[in-house]
Amino acid sequence: MLEDVATAVSVRYTVALDNADLGTFSTCEGLGCEVVMETREEGGNNSFIWQLPTRLKYPNITLTRPLGKDTEKIAKWFAGMATGYTRCTGVIQAMTANGTKIAGWELYDVVPVRWKGPSFNPDQPKVIMETLEIAHHGFVAKLG
């Protein structure tokens, strides 16, 4: 039971694309899925409106970390898009501080959307961060 509490205290996220390691990130937001619903009104039936599931929708995933040597890997990935791009498979793994895997997700058809570098402001000294945003077409959870 104590081990479960410790996993929530310090989590890092490793990211790999077709087995190319992009490094470790400190936050991961947007991993999820939504069923898009279509509504239909039936003539003569005023008591309710039909809610019909149509497709799945996956939000973009945003990963953040302090700027470091692994930034070069992301820069190369984005630079490669100038000559064309092939969608790849990605893997995000949640890890404890000691390297124990908590959970993982295999992402399909990953495409880079945006990289945001640090904001340099001498009036507000803080850790310089980078943000990577990726799009995908679904995932499979690989828990534990």
Legend entry - From CA spacing to verdict: side-chain contact (heavy atoms from CB on, under 4.5 Å), Trp77, Leu132: CA-CA 11 Å; Trp77 187 34; Leu132 172 64; 4.0 Å; yes

Legend entry - hydrophobic_cluster_shared for Phe78 and Leu22, side chain cutoff 4.5 Å: yes

Inset, instruction - May I have all residue pairs that pass salt bridge (charged side-chain N to carboxylate O under 4.0 Å, His left out) and include part of residues 72-96, sequence neighbours excluded? - result: Asp21-Lys73, Asp70-Lys73

Legend entry - Minimum side-chain heavy-atom gap Lys57-Cys33 below 4.5 Å: no

Inset, instruction - Look at the aromatic rings of Tyr58 and Phe139 and report parallel, tilted or perpendicular, splitting at 30° and 60°. - result: perpendicular

Inset, instruction - Decide yes or no for Pro66 and Met129: does some side-chain heavy atom of the first lie under 4.5 Å from some side-chain heavy atom of the second? - result: yes

Inset, instruction - Kindly work out whether a path of hydrophobic side-chain contacts (I/L/V/M/F/W/Y, heavy atoms less than 4.5 Å apart) joins Val110 to Val91. - result: no

Inset, instruction - Kindly indicate whether the side chain of Leu56, heavy atoms from C-beta on, has any atom under 4.5 Å from the side chain of Val36. - result: no

Legend entry - Listed once per pair and sorted, the salt bridge (charged side-chain N to carboxylate O under 4.0 Å, His left out) pairs that draw on residues 44-54, sequence neighbours left out: none

Legend entry - Derivation of the side-chain contact (heavy atoms from CB on, under 4.5 Å) call for Asn45 and Ser47: CA-CA 6 Å; Asn45 186 352; Ser47 61; 2.8 Å; yes

Legend entry - Side chain to side chain, Val140 and Trp105, heavy atoms closer than 4.5 Å: no

Inset, instruction - Decide if atom CD of Gln51 counts as having more than 12 heavy atoms of other residues, nucleotides or ligands within a radius under 6.0 Å. - result: yes

Legend entry - Any side-chain heavy-atom pair of Ile74 and Glu130 under 4.5 Å: yes

Legend entry - Beyond-backbone contact of Ile61 with Glu29, side-chain heavy atoms, under 4.5 angstrom: no

Inset, instruction - Show your working on salt bridge (charged side-chain N to carboxylate O under 4.0 Å, His left out) between Arg40 and Glu38 and close with a plain yes or no. - result: CA-CA 7 Å; Arg40 294 282 183 201; Glu38 185 177 300; 2.4 Å; yes

Inset, instruction - Test side-chain contact (heavy atoms from CB on, under 4.5 Å) on Ile134 and His136 and set out the steps. - result: CA-CA 7 Å; Ile134 59 175; His136 64 95; 5.5 Å; no

Legend entry - Shortest non-hydrogen contact from Met95 toward Lys101: SD-CA, 3.7 Å

Inset, instruction - Of all the heavy-atom pairs spanning Val35 and Pro53, show the shortest one and how long it is. - result: CG1-CB, 3.7 Å

Legend entry - CA sep, side-chain torsions, deciding dist, call: Tyr13, Thr24, side-chain contact (heavy atoms from CB on, under 4.5 Å): CA-CA 5 Å; Tyr13 303 90; Thr24 302; over 6 Å; no

Legend entry - Pairing residues for Phe25 by the ring pair (Phe, Tyr, Trp, His ring centres under 6.0 Å) criterion, not counting sequence neighbours: none

Legend entry - Any donor-acceptor pair under 3.5 Å from Ser26 side chain to Thr64 backbone: yes

Inset, instruction - Would you please name every residue forming a salt bridge (charged side-chain N to carboxylate O under 4.0 Å, His left out) with Arg55, sequence neighbours left out? - result: none

Inset, instruction - Using the ring-ring contact (aromatic ring centres under 6.0 Å, His included) rule, collect all pairs that involve residues 26-56, keeping only residues at least two apart or in two chains. - result: Phe48-Trp50

Inset, instruction - Kindly indicate whether the side chain of Thr89, heavy atoms from C-beta on, has any atom under 4.5 Å from the side chain of Leu107. - result: no

Legend entry - Pairs meeting criterion salt bridge (charged side-chain N to carboxylate O under 4.0 Å, His left out) with involvement of residues 102-113, two or more places apart: Glu106-Lys142

Legend entry - Any side-chain donor near an acceptor of the partner, Asn60 and Thr62, under 3.5 Å: no

Legend entry - ILVMFWY cluster, Met81 and Val113 together (side-chain gap under 4.5 Å): no

Legend entry - Thr27 vs Leu63 side-chain heavy atoms within contact, under 4.5 Å: no

